[in-house]
Amino acid sequence: IVVIINRYDRDKNGKIIKELANFGFSGIFRPVSLTFESLLEMSNLHIKCSSIPNTYVDQLALEEKGTERKNVAKISRGDYMIFMDVKITNHTNYMMPFSVRTSILEARGDYDPYNLPFVKLNIEKQMEGTVDANSSEVFKSQAVAVHVAQWSDATPVQYDVVLQLLDSEGRTICAKKRRFGFRTAEVILDKLNINDRRIPLMITRYYEFDTQNGIAVPISRMRQDIVLMKRCGINGIIVSSFPANDMLLNLCDQYGIYVFAMSDSRYMFDYVEAHMNHPSIVCWGFPIYNFDHNRCKTIKNQCEVVDD
């Protein structure tokens with residue numbers, strides 16, 4: 001089966017927007033996946049993390065008596081408050097009660113079903129309720145994760161959050177997994193701080209382009225580029241113009257590359273909403289080309305609602 005799709009975007013005046021740097025190709029440049037969803041669907045998962053002091057965790061009494069924290073060499077660990085929200089869509093003609101069971105595991109290439117690396121969680125706000133017929137609603141959850149590895153360019157440790165959507169009788173309707181990392185990022189005195197530590201940055205601009213395939217860059221080329229950058233001591237890239245490929249961001253999460261994600265204001269809100277869970281993305285921005293201060297400020301305010 002051959003599927004050919006041509007996409008045409010129009011501006012506010014109805015004129016077709018000509019895209020640049022297509023390198024002689026048209027149609028689909030990135031892998032397309034067809035997904036079958038359940039009648040009660042989970043989508044638009046957003047994860048935010050903030051570090052919390054040890055005294056707060058001690059008050060929760062999460063650790064059992066007699067247990068000790070085992071520090072792994074060269075891997076910094078901490079305690080984090082996790083804020084999650086997800087959109088639940090009811091595709092039926094009936095009001096549907098539900099609940100969501102949340103679990104977090106340290107990411108593995110292959111999981112041992114008899115020894116799953118679960119993270120100790122304290123669910124402070126459960127995700128549950130009812131969704132009206134043929135409607136959508138956003139539900140929020142809050143939890144504390146104890147003694148988890150911090151994601152950074154030196155230790156890119158990732159975790160998998162698994163959400164199980166249950167009906168009123170506790171039966172699983174569907175389950176979804178999302179990979180993320182425990183990482184905080186803030187700018188203090190014009191310096192980037194990752195996990196409350198000032199990070200020296202060695203950054204280069206990265207353009208998704210291949211001499212043989214144009215902007216349809218294969219994942220092998222992306223991995224080769226990232227490995228070369230790591231060997232040269234580069235720990236960050238600036239990706240501008242078009243939104244970055246999800247495969248590139250996954251590799252940056254895996255190998256530990258900070259990403260400064262820049263895109264045109266037309267795509268920025270969707271860009272943030274789709275990729276905010278990548279721990280590698282530490283900053284969002286607009287390119288200087290065709291910069292409109294008022295419009296960019298409006299888009300920034302919209303994006304801060306999703307990812308502050």
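Count residues from 1 along the sequence. Atom set for the values below is all heavy atoms of this structure, side chains included, hydrogens, waters and symmetry mates excluded.
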*In sequence, state the C-alpha distance, the side-chain angles, and the governing distance for Arg197 and Gln150, and then conclude on side-chain hydrogen bond (donor to acceptor under 3.5 Å, both in side chains).*
CA-CA 12 Å; Arg197 298 180 182 87; Gln150 298 175 334; 3.2 Å; yes
_Tyr159 ring center within less than 6.0 Å of Trp151 ring center_ = no
*So His275 and His278, would you call those rings parallel, tilted or perpendicular, with 30° and 60° as cut-offs?*
tilted
*Hey, does Ile82 have a side-chain heavy atom less than 4.5 Å from the side chain of Phe182?*
yes
_Between Tyr80 and Asn195, does the side-chain hydrogen bond (donor to acceptor under 3.5 Å, both in side chains) criterion hold? Intermediate values first, please._
CA-CA 11 Å; Tyr80 284 83; Asn195 301 322; 3.3 Å; yes
*Apply the test side-chain hydrogen bond (donor to acceptor under 3.5 Å, both in side chains) to residues Tyr111 and Asp160: give CA-CA distance (whole Å), side-chain angles for both, the deciding distance (0.1 Å), then the verdict.*
CA-CA 11 Å; Tyr111 283 104; Asp160 287 329; 2.5 Å; yes
_Enclosure of Lys48 NZ (heavy-atom neighbours >12, cutoff 6.0 Å)_ = yes
*Within 6.0 Å of NZ in Lys230, more than 12 heavy atoms from elsewhere*: yes
*Taking all heavy atoms of Ser280 and all of Asp253, pick out the closest pair and write down the distance.*
OG-OD1, 2.6 Å
*asked:* What verdict does the side-chain hydrogen bond (donor to acceptor under 3.5 Å, both in side chains) test give for Asp132 and Asn90, after you've listed the backbone C-alpha separation in whole Å, the side-chain angles of each residue and the deciding distance to 0.1 Å?
replied: CA-CA 7 Å; Asp132 294 333; Asn90 184 4; over 6 Å; no
*Verify, without hydrogens or angle tests, whether Asn277 (side chain) and Leu45 (backbone) share a donor-acceptor contact under 3.5 angstrom.*
yes
*asked:* With a 4.5 Å cut-off on side-chain heavy atoms, are Phe118 and Ser103 touching?
replied: yes
